Amino acid sequence: MTRLFAPPRVLSRSDQRAFVKEALRRLDNPARRRFLKGAASVGAFALLSGCDITDGISAEGALRAMSDFNDRVQAALFDPVKLAEEFPESAVTRPFPFNAFYPREEAPAVDPADYALEVSGLVERKDGWTLDKLYALPQVSQITRHVCIEGWTAIGKWSGVRFADFLKLIGADLSARYVGFTCADGYATSIDMPTALHPQTQLTFRFMDEVLPRIYGFPMKLRMPTKLGYKNPKHITEIFVTNDYPGGYWETYGYNWFSGL
Ligand SMILES: Nc1nc2c(c(=O)[nH]1)N[C@H]1C(S)=C(S)[C@@H](COP(=O)(O)O)O[C@H]1N2
Ligand SMILES: [Mo]
């Protein structure tokens, strides 16, 4: 078997200190960083990451631990009722940017006639949802900011059903850890249950008061103003509730899983 990485290296004392410093630097929110600086020590890091670096871990293990640490701290600090900022219609970004792991011409063309959203895993009612059935649910709108990790932000208007209401409707186990998403273009992602139940997390059918256009995720996307853009799956075909970590497309390439804003 070919080795893709250099053989693992054990961290020295000074590397360990540098490592904790770097982990803290990567917590993007300054308030979180300040909060943690007080408690920051090798011991606190070990506690939060479940990884005792004083035992000596490999460089590869250290990177993974740093990422887990970031996820856990973000999850622990997530406020399930704090609302993201909402904006007036006049603040909407036109034209709204498109982004995907392919050019816009390749966005999937889902046929509404034979579409049914699958729900699976830890839910009581697994019957498929046709678009007519979904469109008949009570809907809400939000004008919020989308933040892409590639360095742009844009404000848009999205409408759909509150995701918490939908999860209750399908009898989802609300104490499960994850909700996962499979998409028509092969994309996938997953989120924590507290974010799934956040009041602004929306199963979105409409963009700017029109049926969600193909490039923006027809027939539906999950809109979360509390998470980075790549956590907002477009063209959803399946939603599943699980306690087994589902990961995701960009998460597999090393993007942080929690990615809260
Ligand atoms: N199915 C699917 N969903 C996706 C992506 C994708 O490639 N496929 N890209 C993500 C990324 S990185 C961003 S920034 C947003 C872009 O959404 P937009 O085209 O509505 O701006 O979709 C996210 N959801
Ligand atoms: Mo993105």
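Reckoned from all heavy atoms, side chains included, excluding hydrogens, waters and symmetry mates. All ligand and atom numbering here is 1-based and tracks the order in the structure. We're numbering straight along the sequence, starting at 1. Bear in mind that the values here come from a model prediction, so they are computed numbers and not experimental data.
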Between F101 and ligand 1, does any nitrogen or oxygen pair lie at a separation below 3.5 Å?
-> yes
Which protein non-hydrogen atom lies closest to atom 11 (C) of ligand 1, naming both residue and atom, and how far is it?
-> Y230 CA, 3.8 Å
Test the K221-F207 pair against the cation-pi criterion, namely NZ or CZ under 6.0 angstrom from the six-membered ring centroid and within 45° of the ring axis.
-> no
For C148, the ligand 1 atoms with a heavy-atom partner under 4.0 Å come out as 14 (S)
If you group Ile, Leu, Val, Met, Phe, Trp and Tyr by side-chain heavy-atom gaps below 4.5 Å, do F181 and L228 land in one group?
-> no
Is any side-chain heavy atom of T195 closer than 4.5 Å to a side-chain heavy atom of F78?
-> yes
Give the atoms of ligand 1, by number and element, whose distance to some non-hydrogen atom of N232 is under 4.0 Å.
-> 4 (C), 22 (O), 23 (C), 24 (N)
For F98, atoms of ligand 1 separated by under 4.0 Å from a heavy atom = 19 (O)
Is F207 near ligand 1, meaning one of its heavy atoms is under 4.0 Å from it?
-> no
Atom 14 (S) of ligand 1 [closest protein heavy-atom partner, distance rounded to 0.1 Å] = H146 NE2, 3.2 Å
Please confirm whether W250 comes within less than 3.5 Å of ligand 1 when only nitrogen or oxygen atoms on both sides are compared.
-> no
Residue, atom and distance of the protein heavy atom nearest atom 8 (N) of ligand 1 read D185 OD2, 2.8 Å
Counting heavy atoms only, which part of Y249 comes closer than 4.0 Å to ligand 1: side chain, backbone, both or neither?
-> neither
Under 6.0 Å between the ring centres of F101 and W250?
-> no
Under 4.0 Å from a heavy atom of P97: give me the atoms of ligand 1 that qualify, with their elements.
-> 18 (P), 19 (O), 21 (O)
To the nearest 0.1 Å, how far is atom 19 (O) of ligand 1 from its closest protein heavy atom, and which atom is that?
-> K234 NZ, 2.6 Å
Does W152 have a non-hydrogen atom less than 4.0 Å from ligand 1?
-> yes
Heavy atom of E150 under 4.0 Å from ligand 1?
-> no
Before signing off on this row, confirm whether H235 and ligand 1 have an N or O atom pair separated by under 3.5 Å.
-> no
Quick note on ligand 1: atoms under 4.0 Å from a heavy atom of C183 include exactly 1 (N)
Which bit of A184 is near ligand 1, meaning a heavy atom under 4.0 Å away: side chain, backbone, both or neither?
-> neither
Any donor and acceptor pair, going by atom type alone, linking the side chain of T237 with main-chain N or O of T182 inside 3.5 Å?
-> yes
Is F87 close to V92 at the side-chain level, that is, under 4.5 Å between some pair of heavy atoms?
-> no
Do W158 and F96 make the cut of ring centroids closer than 6.0 angstrom?
-> yes
Please work out whether any backbone atom (N, CA, C, O) or any side-chain heavy atom from C-beta onward of A100 is under 4.0 Å from ligand 1, and answer side chain, backbone, both or neither.
-> both
Student check: side-chain heavy atoms of F205 and S159 closer than 4.5 Å | no
Verify the neighbour count for atom CZ of R214: are there more than 12 heavy atoms of other residues, nucleotides or ligands below 6.0 Å?
-> yes
Between K231 and D192, is there a salt bridge with N-O shorter than 4.0 Å?
-> no
Mind checking whether N99 has an N or O less than 3.5 Å away from an N or O of ligand 1?
-> yes
So K157 and E89, salt bridge (charged side-chain N to carboxylate O under 4.0 Å, His left out) or not? Walk me through it.
-> CA-CA 8 Å; K157 179 176 185 182; E89 295 257 6; 3.0 Å; yes
Assert yes or no for the condition that the ring centre distance of Y178 to W257 is strictly below 6.0 Å.
-> yes
Residue, atom name and distance, where the atom is the protein heavy atom closest to atom 4 (C) of ligand 1 = Y187 CE2, 3.6 Å
For the student: nearest non-hydrogen atoms of V140 and R162, plus distance | CG1-NH2, 3.9 Å
Of all the non-hydrogen atoms in the protein, which one sits nearest to atom 20 (O) of ligand 1, and at what distance?
-> Y216 CD2, 3.3 Å
Any N or O of P233 closer than 3.5 Å to N or O of ligand 1 = no
